[in-house]
Number of protein chains: 2
Amino acid sequence: MTPEPPARTRQAPTLEAVAELAGVSRATVSRVVNGSLRVSPAAHAAVTRAIAELGYVPNQAARSLVTRRTDTIVLIVHERPDTVFADPFFASVLRGVNQALSVTQLQLVLLQVQGDRQRDRALRYVGNGHVDGVLLISLHGDDIMPMSVSGAGVPLVMAGRLLTGDPVDSVDADNVGGARQAVRHLVATGRRELATVAGPVDMSVGVDRLAGYAQAARDAGLPASATRVETGDFTEASGQAAAARLLAEHPTIDAVFAASDLMALGVLRALRAAGRRVPDDVAVVGFDDAAPAVYADPPLTTVRQPVERLGAEMVHQLLRRIADPTGDAASVILPTELVIRSSA
Amino acid sequence: MTPEPPARTRQAPTLEAVAELAGVSRATVSRVVNGSLRVSPAAHAAVTRAIAELGYVPNQAARSLVTRRTDTIVLIVHERPDTVFADPFFASVLRGVNQALSVTQLQLVLLQVQGDRQRDRALRYVGNGHVDGVLLISLHGDDIMPMSVSGAGVPLVMAGRLLTGDPVDSVDADNVGGARQAVRHLVATGRRELATVAGPVDMSVGVDRLAGYAQAARDAGLPASATRVETGDFTEASGQAAAARLLAEHPTIDAVFAASDLMALGVLRALRAAGRRVPDDVAVVGFDDAAPAVYADPPLTTVRQPVERLGAEMVHQLLRRIADPTGDAASVILPTELVIRSSA
DNA sequence: TTGAAAGCGCTAACAA
DNA sequence: TTGTTAGCGCTTTCAA
């Protein structure tokens, strides 16, 4: 009287069982499962039926052991130790990643990394063949992860670009172009005394959006006095503080380009606190990273980057790189879009 | 002259290599790696040194093949085919999950599931021993996934609860209590003509928040006429439409409880569109699911649920269940908190 | 405390 | 087109 084993323990059907039921060898079953062409219709049918009957699903561990593939990629989010990464941006990227992945056999492992300990653990995980490829979202402009990963020969695609200039497969929004759109819009609507609340200078997004701002201001023939810059860290509070500084020192400002949506919100608050009217008095344009700034009231004119698509493109590029590990690093730049709403 | 193999291909050191270098058997190395007590200090030292020298990391596939553990859990997000799941809520849960996981050896696989096809694929994935446990966030009140998963003997913890009443390990916010807090607050501040914009009746959050609202209204001795209900689907647009209906039919309303933050935003817009002043004319309290309603201007009084903690608690409960698969299903209810801001 | 040996379920030559 | 066979790297009895 052997006791009934718990469901959990009940042996999942193996290749062997399928082979037996179908009356063929394990190799043939394997061929069918893996879509080999060199199988007779009869064998194929028998195997397919047996698989259905038994509810067979390949054991991934056994498969990985021999193929050295894992059918898994990892998304690493390398945050700063102190900062909380902007949720909506991340969630939107993730949505795009999942969508692109849903038509593949690949599974997604998620790794949130803060600090050197966790980073090194992640690096070890990746370096040890646990995944077929890496997607990286890094908040560090000089992160060592990208080079460590690609140096280990593991396919990698990162969001944004490396401030070090090292070549890495990457997908990025057109931050320079987006900032230019913002400035051109402000100038086109008659603004002449511009300022920007820029992002951190140690992040490519920060650098690029500032560069676009400066370029466009120069192109518009604005004097240097009309290109004020204060820096924030992408948070609402920092945007508010930066705007307050701007207003105190340059009361004649009539437009602000905020390099993130959260900072744009802060700018709005600072303007209100200072008794300025938006947009009559001062116009505001923010960069839309999918954070909730669009819920500002009145709604904000923004430069929108296609965040979800960014995630999907990262996957596509990674798949390409996995299929063909050779060749130079490629950068995909996604266009931004100016979305005009009432407050600018 | 064998060509230099690419880094990728270079054999990772195996147990065998470690054993040889340490001058012991593979079994002994395995014991050290897995923390067995029955190893002599000398052997232990030799093995430890060899591991460090070689940079050995166990091959997870080989290990899983024999242990039948995967050291992986999966977070399944079962969305509706049409709806886009609220990003910030999801991202916050994920943050809590990751945080709880970071002190373990477990890896997190993420599965976004929409529609029956993907659901069945996920079920097969889980049922075939790919993961040690499942975390489930479901938007379907009568989802078959929970019972399928736990019926297959795979440890499962879900967020929320099943409308079917089936017993499943779960973690939930105190939605009933939170809604009561909201109503009590409105009553305490002098409101007498209440209404709610409730959530979908096929989701436990919707049902529970409505139940709390009704309970508290009754407890406060409000007449039935003061417990109007309109239903939305948790989106801002639906909140706005519901509030518009409410205002049209019951112009005397002086307070609205919105069962989600996005719907609260919609309510605010509807009130403004109707020329009502907030909060003087009509007070609004929303349920804070970590969506951006708190960015409303003026800020909204909300009932806040601890979303991040919810994720962490789900992990803790799952770990318990994995360690001890027997025993009855348990429900953890997390308290909510009333956060009073200007608009109510 | 240690080692020898038997697989875990699968893929991939190689032979037939 | 099919089957046979030899492992992939690890854990785990079982004996010593």
Side-chain angles (χ1 to χ4, degrees), chain A residues 5 8-48 50-51 54-72 105 127-130 132, chain B residues 5 8-48 50-51 54-72 105 124-125 127-130 132:
Chain A
R8 193 78 216 284
T9 303
R10 190 168 51 221
Q11 276 294 20
T14 66
L15 244 204
E16 179 101 49
V18 175
E20 190 171 356
L21 180 57
V24 298
S25 74
R26 276 152 52 200
T28 298
V29 176
S30 177
R31 286 183 190 109
V32 171
V33 169
N34 292 291
S36 163
L37 285 320
R38 323 221 144 275
V39 177
S40 68
H44 186 97
V47 169
T48 305
I51 287 176
L54 261 32
Y56 169 76
V57 181
N59 178 311
Q60 183 59 48
R63 179 180 270 176
S64 290
L65 189 54
V66 32
T67 61
R68 291 169 179 298
R69 282 185 299 96
T70 59
D71 290 331
T72 295
Q105 283 294 347
N128 219 255
H130 285 284
D132 296 344
Chain B
R8 193 76 216 284
T9 305
R10 193 169 49 223
Q11 276 294 22
T14 66
L15 243 203
E16 178 102 51
V18 175
E20 189 172 357
L21 181 58
V24 299
S25 73
R26 278 150 53 198
T28 298
V29 177
S30 176
R31 289 184 188 108
V32 171
V33 168
N34 293 292
S36 162
L37 284 323
R38 320 223 144 275
V39 177
S40 69
H44 186 99
V47 169
T48 305
I51 286 176
L54 261 30
Y56 169 76
V57 181
N59 178 311
Q60 182 60 48
R63 178 179 273 177
S64 290
L65 189 54
V66 32
T67 60
R68 286 162 185 301
R69 282 184 300 97
T70 59
D71 290 331
T72 296
Q105 284 294 346
R124 245 175 291 127
Y125 178 75
N128 218 255
H130 285 284
D132 296 345

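In the text below, chain A, chain B and the rest are named by the order of the sequence lines, each starting its count at 1.
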Whole angstroms only, please: what is the CG-P distance between Asp71(A) and dG9(C)?
19 Å

Picking from dG9(C), dT11(D), dT2(D), the nucleotide nearest the side-chain atoms of Asn59(A) would be dG9(C)

With a 4.5 Å cut-off on side-chain heavy atoms, are Asn59(B) and Arg63(B) touching?
no

Would you indicate what Ala61(A) reaches in the nucleic acid, counting non-hydrogen atoms under 4.0 angstrom: base, sugar-phosphate, or nothing?
nothing

Taking for each residue the nucleotide of DNA chain D with the nearest heavy atom, is it Arg31(B) or Arg38(A) whose nucleotide lies nearer the 5' end?
Arg38(A)

Return the 5'-most residue of the pair Thr28(B), Leu65(B) with respect to DNA chain C, ranking by each residue's nearest nucleotide.
Thr28(B)

Counting side-chain heavy atoms from CB outward, which of dC10(D), dT2(D), dT11(C) is closest to Arg63(A)?
dT11(C)

Nucleotide of dG9(C), dG3(D), dC10(D) approaching Thr14(A) most closely (side-chain heavy atoms)
dG9(C)

For the side chain of Ala62(A), starting at C-beta, report the closest nucleotide among dC10(C), dC10(D), dG3(D).
dC10(C)

Under 4.0 Å, heavy atoms only, any strand: does Val24(B) hit a base, just the sugar-phosphate, or nothing?
sugar-phosphate

Under 4.0 angstrom between Ser25(B) side-chain N/O and dT2(C) OP1 or OP2
no

Hey, does the side-chain of Arg68(B) have a donor or acceptor N/O within less than 3.5 Å of a partner on the base of dG9(C)?
no

Side chains of Tyr56(A) and Leu15(A): does their closest heavy-atom pair fall under 4.5 Å?
yes

Does Ser40(A) have a side-chain nitrogen or oxygen under 4.0 Å from the phosphate oxygens OP1 or OP2 of dT2(D)?
yes

Check the distance between dA12(C)'s P and Leu15(A)'s CG and give it to me in whole angstrom.
12 Å

Is there a side-chain contact between Val47(A) and His44(A) in this structure, where contact means two heavy atoms from C-beta onward sitting under 4.5 Å apart?
no

Is Val29(B) close to Val24(B) at the side-chain level, that is, under 4.5 Å between some pair of heavy atoms?
yes

I want to verify a distance call: between dT11(D), dA12(C), dC14(C), whose nearest atom is closest to the Arg26(B) side chain?
dT11(D)

Arg69(B) CZ - dC8(C) P separation (whole Å)
18 Å

Does Asn34(B) put a side-chain nitrogen or oxygen below 4.0 Å from OP1 or OP2 of dT11(D)?
yes

Sidechain-backbone polar pair: Asn34(A) side chain, Ser30(A) backbone, donor-acceptor under 3.5 Å
yes

